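First the proteins, then the strands, lettered A, B, ... as listed; each starts at 1. The structure presented is a predicted model; accordingly, all values stated were derived computationally and were not measured.
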Number of protein chains: 2
Amino acid sequence: MGTTQLESVPEPKYWHLRTVLSEALDSEFSVGEILPNERELAARFGVARATLRQALEQLELEGRLQRRRGVGTTVAPPRVGVAVGTEQHAWPGAADDAWHPVDCVQAAPPAAVADALETDRDQPVHTVRRSRVSQGQPVAAELLYIPASSMPGLTAIDAPSGTARARAVLRELQHLELEGQEQAVELGSARADDAKELDRLPGAPVLVVTTRFIAEGRTAALSVATYRADTCRLTFGDSGGVEIHHRPERQAS
Amino acid sequence: MGTTQLESVPEPKYWHLRTVLSEALDSEFSVGEILPNERELAARFGVARATLRQALEQLELEGRLQRRRGVGTTVAPPRVGVAVGTEQHAWPGAADDAWHPVDCVQAAPPAAVADALETDRDQPVHTVRRSRVSQGQPVAAELLYIPASSMPGLTAIDAPSGTARARAVLRELQHLELEGQEQAVELGSARADDAKELDRLPGAPVLVVTTRFIAEGRTAALSVATYRADTCRLTFGDSGGVEIHHRPERQAS
DNA sequence: TAGTGGTCTAGACCACTGA
DNA sequence: CAGTGGTCTAGACCACTAG
């Protein structure tokens, strides 16, 4: 009788814990505040540390918490909205581009990319690496694939690789007429190199945005961008910065 | 010396396992095939079951595996592309709509929704529940919020709730002129009711698509749709069905 | 060096499925 | 009913951070 309620169909402990912690975050903690450590929290709730961690993982997935090894668990700020799809289509590297180039090499692409580009697998492809920063934090890493056949004017550029090469490739891209673009979003996990760039551990959840740029009836470029799923909200549509932040509802009783 | 290689900076076992299993899935298994059970796999790889499960979780997150309690672990088909953003904006419930209505009630909305709708928190809102099916499988559940003030003509409808009511609300919506829409995508975890409708466990990863429909300069409707993140690839742009499926690259050595 | 989160183990029991 | 994945425990050690 002293307990709140008997659960005829008991929900898992970690799920209940998630709800309790979520409400505590709303009412008793403010952004950036540091939580008690995992061993202490587990003891306080009377569960094993693994169970407590399962609840924390959920909350981190939902962007409510941020955990860093050697430091602690902190309350995360609301997700930052990053504009991904715009009404006025534009090539990567255009004036208002939110990305900045990092590197560029010319090599044979992975098989999956060659398929999407509709080119032979041994045909060389310019691969531009770019990164995107928002509010001081890295939010996305991108690999931009451009078939060499799309850019005949670039064969004689002197810079063989590096940032200068990347800029040259992007500059060349602007000369083509962009006819349209198609995008897809799916859930993925960060590969080792992306994870490093995003300041996360390998396997961290990411939103993978694949963009196909169409010119002259063909796929002129393919962008594969991985966004931090914990901190980002991808926005599409006319204006990107509108304040629609959906926080999951309370659990129904 | 018999081992393949000494790892100077050893990656986690579960991550290495994920890679090994991923390659095995590519080469030795076909879609729908059932894997050995977890205890057997763990023994075969010489790890604890929890570690093996960590690897399986990764692969399930990436849409490579499907696990069902009491049944087993099967190889998942490639993710199905579902069109989310279209060039020609249209109201929910239009002729070519992929959704079908389930239910409708009129009640005060959650606080977060009221804020997004820019209405008072105690103002009544029509809440339409819809579901979306693709290739025989439920892929998304939606809550569609429409302020009663947007639809003055609906006060006298006789059906108080249920599917008939939902259809009536959607029909009424078509009479307004749609001026634009804004969308956002973020990662979330399925609430209990959504999870049930999506045939998943609570907490399963979902892609939450928030759409704001604008008419007469105001927010006339707000849709919060949760898509199964494991099985869905959300497509935006001119044509939704194009075959760009990005499979994560092999891990660099 | 002390304290944090990340990984891993070897068990146990439960909830669910299908024969 | 037997077999599956899902939950949970109580430990251990490791990698990383910061004072």
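Checked by atom type and distance alone, the side chain of B/T231 never pairs as donor or acceptor with a backbone atom of B/R79 at under 3.5 Å. Side chain of B/D103 to backbone of B/G162: a donor-acceptor contact under 3.5 angstrom is found.
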Can I get a per-line list of side-chain donor-acceptor pairs under 3.5 Å for residues 65-73 of chain B, giving both atom names and the distance, sequence neighbours left out?
from  : atom 1 : to    : atom 2 : distance (Å)
B/R67 : NE     : B/E60 : OE1    : 3.4
B/R67 : NH1    : B/E38 : OE2    : 3.3
B/R67 : NH2    : B/E60 : OE1    : 3.4

Subject >> Where protein sits on nucleotides 2-8 of chain C, one letter per nucleotide: B base, S sugar-phosphate only, - none, heavy atoms under 4.0 Å >> reply: -BBBBBS
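When side chains are defined from C-beta on, A/L222 counts as touching A/R212, because their heavy atoms get closer than 4.5 Å.
Ring-plane geometry between B/Y227 and B/W99 is classed as perpendicular, the angle between the planes exceeding 60 degrees on a 0 to 90 degree scale with a lower cut at 30.
Under the side-chain contact (heavy atoms from CB on, under 4.5 Å) criterion, A/Q137 pairs with no residue, sequence neighbours left out. Applying the salt bridge (Lys or Arg N to Asp or Glu O under 4.0 Å) test to B/E40 and every residue at least two apart in sequence or in another chain returns B/R44. Shown here are the salt bridge (Lys or Arg N to Asp or Glu O under 4.0 Å) partners of B/D97, two or more places apart in sequence or in another chain: B/R130.
Counting to the nearest Å, the P atom of C/dT9 and the CZ atom of B/F45 are 13 Å from each other.
With the 3.5 Å cutoff on both pairing distances, Watson-Crick and G-U pairs in DNA chain D assemble into runs of at least 3 at C:1-18 with D:1-18.
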